[in-house]
Each structure stands twice: as C-alpha cells, then as structure tokens.
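Accompanying notes for the structure given below.
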Protein chains: 2
Amino acid sequence: MPPSSPTTSAVAPASAQQDRVDDGVGRFQQTPLAQEVAFLTARARVRGNALANELLSDLDLKVRPFAVLAMACSGTNPSQRELGDFLDLDPSQVVALVDRLEERGVLQREPDPRDRRSKILTATEAGRELYAQAAERTHEAEAQTLQGLTPAERDQLRELLIKIVY
Amino acid sequence: MPPSSPTTSAVAPASAQQDRVDDGVGRFQQTPLAQEVAFLTARARVRGNALANELLSDLDLKVRPFAVLAMACSGTNPSQRELGDFLDLDPSQVVALVDRLEERGVLQREPDPRDRRSKILTATEAGRELYAQAAERTHEAEAQTLQGLTPAERDQLRELLIKIVY
DNA sequence: TATTGTTATACTCTATAACTATA
DNA sequence: TATAGTTATAGAGTATAACAATA
C-alpha cells in the first residue's frame, strides 16, 4: 500500500512527508537498546514532536504552547498549577507559556473566586479558532506518524499507552 | 491486582516505586489532548526517563550516556556519525558524550581503517562491566513502567512502537 | 567538492530558589 | 505554616556555523 494518499488529511506540505523511516542505520535495530520500550518511546516522541512542530509552524505555534491552548479550550477550567502537573511543566514554565498566549489574545487568566491565589485559564474566541486550526495540524501529524498501523492497531497503541501513563 | 510486587525486579529503591500514577488531575484525562498518541508518548517518555535516570544515578550515568555506552557494547562498531543518526543526536552532542565516556575509560575511539575520517566506537572491559550493571537498572525501570501491562501486552506495545518508529 | 569529526557559540528548555499574596 | 503564582537565574540540552583532515 502506497503511503502517498493521506486519508484524514487536511493539510500536507510536501516537506512533511515521512514515507518510510530509515536512516541507513538499520543494522542497529537488532541491538538490545533498540528493543527497549523506553528507547522506542523516546524515538517516537522526537519524531512526532518534530513533525507536529513543522505542521504547526505556519500558525506560529509549537507543541508545548499548543498543549496549553488545548487545555484552556477543553472546558475543564484548569488552574496554572493543575495544568503544570498534567503537562509535566514547571510552574515557572507555565507562567512563561501563559504570558505569551495571553499577550497573543488567545487565552485569559481569571481569578478563582474560591481561592484568589490561583488563576483559571480559559480560551478566548480567537483562541478557540486558533485551536481548531491547530488541532487539524496535530491530527494530520498523528495520521502520518501512525500511517504504518491499521485503525485497530492505532486504538490498541492508544489504549496500551493510556494504561502505562495514567 | 495490586501493583505492589515487582516481578522481574533486580534493584528497587523505595523512592523509585511508582505504584499508581495519579496527579489528582484525572479530570483532564477525557480531554482531546489527553487522547492524542503524541501526548501519551511524550508523557511516557518523561516518566520513563525520570525513573531510569533515578535508577542509574548511583552508577553516575544518565539515559543518554547509557544509550551511547549500549551502542558501543553492541558489537556493531558504530561510527560517531552513525550513532548520532540512530540516537537522534547532533554530531557535536556525540562529541561531548563520547569525550566524557572516553575520559572515564569505558569506551574508545578507534580509527576506521577504511575511512580515516571516521572513528569507530568500542567499549573497554570496564565499559562492558558498567553496561551490564546499568542494563539491570534500565530493565528494572522498564519493568516498573510497564507493570500495568500483561506480558502479552508488553510485547504488543513493543511491536507497535517498532512499526511506527522504523 | 563533499563528508567526518571537532570547536565555539548561541539558543531553548528545564530546574532552583526567593519573593508576594493569599489561605 | 503552607500554597499559587511570579521572578530571576543558572544549568542542561539542543542547534548552528566554521574549521581541519580526509575522501
């Protein structure tokens, strides 16, 4: 099956095609390291991150600010601390990320009436529009990353990852 | 099934137990972001990396130098460039990592007789001993990371990751 | 002319500690 | 006394460009 016709695709720059992954170092694939799940997830994450950043670049977004925006758009009204816990981000990193997104007008800090120390993150209308566009890109990135798997295998992978990660 | 008794365990410091992962932000698990494979692999990688680094710390190793050492011990005689390609490392990062490991006496740079520009990495006897100890730790880390999965599921996960990563 | 390894450099990401305002 | 957010700062990790030796 030729990997040339993306299915769920909305946007697909030519440069982002990763038809088959092979660095010419295939002789290393049988080493013990190359069989470790930790190594494989690290590699998947590097590849996936790079592709997603590339597809998000025309929106002036990267994966991390996208994740913050996504949480602000989720309807769960996270505080900055909750968001940091969930995304494995330092409180100071959260501040920097939220600063930039707030300046850009895509999200807001709102005081939590029940605890005035904490600030609730919510998206603006512009933020929801940006998120909609960005989510298209990340879904495209995921489709490309998982193109070697059947739909059933994709669900399997997702379920297995959810089990080890939560 | 209680997740309290590690099975394949060799070494298990009390501080490294991660019996159940829950940040108290479980209400975010139903958001779209939390279902993305890219997000899940990123999270798995952060968690796995932290645990592996912790278990390797008494050997004065971290995940990245461990990976370099593992390749030097693999019998595949990689050049620095090949190693960088395979491990997603910049040539300059490879230099820094190899420098430290060579000073430590666990690996060597040897000139490639067929191309005197490139340098082949091989482990010393001390390097192989260090690797043996370190591999115990990383296997323990993997066992803890995957403790929520059955053996069959672990193999499934590995096979799925291999498909998307190579 | 291109490539391997090296060096120097800058940039980004991440981690730490101290401060403020609230609790 | 403890916690949420902020600030400043430093450290680690990553990326870039230029160079020497070799192909």
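Hydrogens, waters and symmetry mates play no part in the numbers below; they use all other heavy atoms, side chains included. Lettering follows sequence order; numbering is per chain, from 1.
Between B:Arg81 atom CZ and C:dT4 atom P there is a gap of 4 Å when expressed in whole angstrom units. Regarding A:Lys119, its NZ atom lies at a distance of 19 Å from the P atom of D:dT3, rounded to whole Å. At whole-Å resolution of the value, CG in A:Asp115 and P in D:dA2 are 17 Å apart. A:Leu87 places its CG atom 15 Å from the P atom of C:dC13, with the value rounded to the nearest Å. Rounded to an integer number of Å, the gap from CD of A:Gln80 to C1' of C:dT22 is 15 Å.
Near DNA chain D, meaning a heavy atom under 4.0 Å away, there are no residues from residues 97-114 of chain B.
Checked by distance alone, A:Arg117 brings a side-chain donor or acceptor within 3.5 Å of a matching partner on the base of D:dT3.
In this structure the side chain of B:Gln35 never reaches within 4.5 angstrom of the side chain of B:Pro32, judged on heavy atoms. In this structure, B:Leu121 and B:Asn77 have side chains that are not in contact, with every pair of non-hydrogen atoms separated by 4.5 Å or more.
Salt-bridge check for B:Arg117 with B:Asp112: failed, with every basic side-chain N at 4.0 Å or more from each acidic carboxylate O. Using a cut-off of 4.0 Å between Lys/Arg side-chain N and Asp/Glu carboxylate O, A:Arg158 and A:Glu142 are scored as salt-bridged.
Taking five base pairs at each end of the helix from C:dT1-D:dA23 to C:dA23-D:dT1, the local helix axes there meet at an angle of 10°, rounded to 10°.
Within the 4.0 Å cut-off from OP1 or OP2 of D:dT22, not a single side-chain nitrogen or oxygen of B:Arg116 is found. Between B:Lys62 and D:dA12 there is no side-chain polar atom (N or O) within less than 4.0 angstrom of OP1 or OP2.
By the 6.0 Å contact criterion, CD on B:Glu125 is enclosed, its count of non-hydrogen atoms from other residues, nucleotides or ligands being greater than 12.
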>> Apply side-chain contact (heavy atoms from CB on, under 4.5 Å) to residues A:Asp90 and A:Val95 and explain how you reach the verdict.
In response: CA-CA 9 Å; A:Asp90 242 63; A:Val95 171; over 6 Å; no
> What's the verdict on side chain to side chain donor-acceptor pair (under 3.5 Å) for B:Glu140 and B:Gln144, showing C-alpha distance, side-chain angles and the deciding distance?
Replying inline: CA-CA 6 Å; B:Glu140 167 61 19; B:Gln144 287 194 32; 2.7 Å; yes
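Note: B:Leu33 CG to A:Leu87 CG = 6.5 Å, rounded to the nearest 0.5 Å.
Closest approach of B:Thr138 to A:Glu36, counting heavy atoms only: OG1-OE2, 3.6 Å.
A donor atom on one side chain and an acceptor atom on the other are found under 3.5 Å apart for A:Arg109 and A:Gln80.
Here A:Phe39 and B:Phe66 keep their ring centres 6.0 angstrom or further from each other.
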>> I need a per-nucleotide contact map over nucleotides 14-19 of chain D, read 5' to 3'. Cutoff is protein heavy atoms under 4.0 Å; write B for the base, S for backbone only, - otherwise.
In response: SBB---
